[in-house]
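A short write-up of the structure that comes next.
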Amino acid sequence: MLENMLQTADWKNEKHVPVIEVDDGVKPDEMFDVRVTLGKEVAHPNTTAHHIRWIELYFKPEDAKFPLQVGRVQFTAHGESGKGADEGPVYTHHGCVFTMKTLKPGTLMAMSYCNIHGLWQSSEELSLD
Ligand code: FE
């Protein structure tokens, strides 16, 4: 059931798809950054009523059976305040950087959650120099 709820699309046309970016030249056992953002081409709203709650990043080493969770970032400010919804002044942007290392190449997988439009995923192959 849940697997059928994980939506995906081309991030260039769909604002909910997480965009995974890694610089070239990643070496085994050396820390590198994985940037995960949404709305790189089409901006997603960030209001009290409609926003991205969290992004999770997983990594499946090429010979592993299951993915490992790299991390989870929650975005908890969307303009709610003592004055009411969308009164600000604080809004967390739905983008983050995970710093990690791996001994094996594999697949990076990101999942994001929109409080209105559900779960979205994308993946990116990671090769090592
Ligand atoms: Fe949405």
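Note that ligands are numbered from 1 as they come in the structure, with each ligand's atoms numbered from 1 the same way. Scope of the values below: all heavy atoms of this structure, side chains included, with no hydrogens, waters or symmetry mates.
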Please give the atom name: the N, O or S atom of His44 nearest to the Fe ion (ligand 1). NE2
What is the name of the N/O/S atom of His16 that is nearest to the Fe ion (ligand 1)? NE2
Check: His16 main-chain N/O paired with Glu14 side-chain donor or acceptor under 3.5 Å: yes
Just by modelled atom types, is the Thr99 backbone N or O under 3.5 Å from a matching donor or acceptor in the Asp33 side chain? no
Angular separation of His50 NE2 and His117 ND1 about the Fe ion (ligand 1), given to 10°: 90°
Is it true that Arg72 and Glu56 make a salt bridge, defined as a side-chain N closer than 4.0 Å to a carboxylate O? yes
Please confirm if an N, O or S atom belonging to His51, backbone or side chain, lies less than 2.8 Å from the Fe ion (ligand 1). no
Carefully, step by step, assess His44 and His94 under the rule side-chain hydrogen bond (donor to acceptor under 3.5 Å, both in side chains). CA-CA 9 Å; His44 187 279; His94 37 256; 4.8 Å; no
